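Here is the structure we will look at, set down as structure tokens.
Heavy-atom basis, side chains included; hydrogens, waters and symmetry copies ignored. Predicted, not measured: the structure shown is a model, and the values here were computed from it.
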Amino acid sequence: MSWGTELWDQFDSLDKHTQWGIDFLERYAKFVKERIEIEQNYAKQLRNLVKKYCPKRSSKDEEPRFTSCIAFFNILNELNDYAGQREVVAEEMAHRVYGELMRYAHDLKTERKMHLQEGRKAQQYLDMCWKQMDNSKKKFERECREAEKAQQSYERLDNDTNATKADVEKAKQQLNLRTHMADENKNEYAAQLQNFNGEQHKHFYVVIPQIYKQLQEMDERRTIKLSECYRGFADSERKVIPIISKCLEGMILAAKSVDERRDSQMVVDSFKSGFEPPGDFPFEDYSQHIYRTISDGTISASKQEIGKVDAKTTVGKAKGKLWLFGKKPKGPALEDFSHLPPEQRRKKLQQRIDELNRELQKESDQKEALNKMKDVYEKNPQMGDPGSLQPKLAETMNNIDRLRMEIHKNEAWLSEVEGKTGGRGDRRHSSDINHLVTQGRESPEGSYTDDANQEVRGPPQQHGHHSEFDDEFEDDDPLPAIGHCKAIYPFDGHNEGTLAMKEGEVLYIIEEDKGDGWTRARRQNGEEGYVPTSYIDVTLEKNSKGS
């Protein structure tokens, strides 16, 4: 089926059809362009979504690594990769489909214009041949009529007896002239007719079929190009389907990795305080005052009994302040993490020790490298001056000593915490109430009550909170010393109720550590206060009841 034979007389229709084909091609290219923009915007919005919900961690406050959180973070990573694949789809469509369509549409317009110009030229040439043939035909027709008139005039004069011989001869010559001219025009018309018929046959059987064949091939190539672009449009997305499937499989694996048991254990590890549950409060018998005799009344009540009652009252009033059951009071973070519960304090100290060990290892490696470099410089002075490494080596040694001291200090605190958590028994430490409640009055001999519920104390104003029992530490009779101690580290003692000390200073111990990490000490000038137990080297008297 050929346009040249079937559509030989439909030049204008083919002109419109080929123009429609190019317009359709450009319309599809516009569709692909809008699809590319949709893919690009979709990928951009997915990336913004991932960025919005990605965790913003800081070194100070890193959220717990629960399996559900880790799974969500993995899903976000897979979604980010999925967004990247959408961008790949857009790039592939832009390069393989849209760009190719625009280049082909430009070439197609140029080719169509050339073929149509050739068709118009062939039609114009055929029209010109027809005009020449028509002109010769009209001229031949006109000469024939003139010759016929000359024939009639000659016959009329020849039959007229009155006509002169000269008139007859003249009419005969005129007849011969017109006949000759008619014969010449006849030959010219025959030649032009033959030429036109030949050009017309060539036009409709050779030239036009060839031009229409080229137009047909051009239109078929356009159709094939559209088919290839349709296929490329689909292949652009089909190529990334395996990677997208992997992204989706990664999301499914992330969902399967959620472990509720592990998350529950992490909650325990994150918030476990290490405290023992509170014990039973003792029965406070206020009826004993009713049965007292008059002689036992006002004056003879011993100071020790008053102290015991005060201690119970203290505990009774302080029970609402136990942050173990209520809101934990805020306070400044301490270097030894003594403001934290035992278990959390142990974890923090262990983390710090691990960090310090890593830093110590780095410094040791650097020291070893500097020593090797120094040996090389000493053996080969032309490579460098060994003395130039001495400041850096000294700085590294200082860092190593400092880190070792820090590790030793933190290990001491850690062993202290582990010892307390391991040997607590059923005692309740003053950390149970976050150092908010002080003990009642100790006995004048420095002994301690056996009642576990009265062993609730803490360094005065450890966290800067006001206590209503501060006046209980102010007594006319100072407590006796039960030993002495030597300061291993300096302590500033900024908080109220604490006692500042210098490294190497010797103090008297008037109340030993009851498990809260604080020891009550006194200077020679009589100044008393609490100092950290881990900062001092304690020596207790053997005959002391408090040892």
Side-chain angles (χ1 to χ4, degrees), residues 57-67 69 261-279 321-361 402-437 452 455-459 462-463 465 485 488-489 491 495 498 512-519 530-538:
R57 296 199 193 101
S58 62
S59 58
K60 295 182 179 179
D61 185 17
E62 184 175 357
E63 58 183 275
R65 302 292 291 173
F66 294 110
T67 57
C69 297
R261 298 284 185 181
R262 184 179 173 186
D263 285 359
S264 298
Q265 185 60 40
M266 289 188 68
V267 173
V268 173
D269 295 340
S270 299
F271 302 114
K272 181 180 178 181
S273 66
F275 292 145
E276 294 291 338
K321 299 182 181 180
L322 295 176
W323 66 266
L324 184 62
F325 308 104
K327 186 176 181 181
K328 181 178 177 180
K330 296 181 180 179
L334 300 178
E335 183 184 6
D336 60 350
F337 300 111
S338 58
H339 62 289
L340 296 176
E343 184 67 20
Q344 301 301 322
R345 183 186 180 193
R346 183 189 65 77
K347 289 175 60 178
K348 290 289 186 181
L349 289 173
Q350 187 63 52
Q351 291 176 2
R352 180 186 288 175
I353 290 173
D354 294 340
E355 292 175 0
L356 291 173
N357 282 326
R358 286 194 291 268
E359 293 181 9
L360 180 61
Q361 184 63 37
R402 177 181 58 80
L403 290 172
R404 284 175 177 170
M405 290 181 62
E406 288 289 331
I407 291 173
H408 178 71
K409 183 168 60 173
N410 284 274
E411 285 178 347
W413 290 333
L414 181 62
S415 61
E416 173 192 349
V417 174
E418 290 176 347
K420 290 175 184 176
T421 55
R424 181 181 293 107
D426 56 352
R427 284 181 42 176
R428 291 177 56 210
H429 301 147
S430 62
S431 57
D432 287 357
I433 57 174
N434 201 29
H435 308 287
L436 288 177
V437 185
E455 290 184 11
V456 185
R457 67 167 186 84
Q462 173 66 22
H463 295 289
H465 293 283
C485 65
I488 304 174
Y489 307 107
F491 180 63
N495 295 328
T498 58
E512 64 175 317
D513 183 4
K514 288 191 175 184
D516 58 358
W518 295 90
T519 300
Y530 285 90
V531 295
T533 307
S534 59
Y535 280 43
I536 59 177
D537 184 13
V538 180

Could you list the donor-acceptor pairs under 3.5 angstrom formed between side-chain atoms of residues 402-411 and any protein atom two or more places apart in sequence or on another chain?
from : atom 1 : to   : atom 2 : distance (Å)
K409 : NZ     : E335 : OE2    : 2.8
N410 : OD1    : R352 : NH1    : 3.0
N410 : ND2    : E406 : O      : 2.6

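For D354, the side-chain hydrogen bond (donor to acceptor under 3.5 Å, both in side chains) criterion is met by Q350, not counting sequence neighbours. Here Q265 pairs with D269 under the side-chain hydrogen bond (donor to acceptor under 3.5 Å, both in side chains) rule; sequence neighbours left out. A search for side-chain hydrogen bond (donor to acceptor under 3.5 Å, both in side chains) contacts involving Q351 returns nothing, not counting sequence neighbours. Taking the side chain to side chain contact (heavy atoms under 4.5 Å, CB included) definition, one finds that S264 meets it with nothing, sequence neighbours left out.
Two residues are said to be in side-chain contact when any heavy atoms from C-beta on lie closer than 4.5 Å; D263 and V267 fail this criterion.
One distance of note links CH2 of W518 with OH of Y535; it measures 8.5 Å at 0.5 Å rounding.
Closest non-hydrogen pair, S534 versus E416, comes out as CB-OE1, 3.4 Å.
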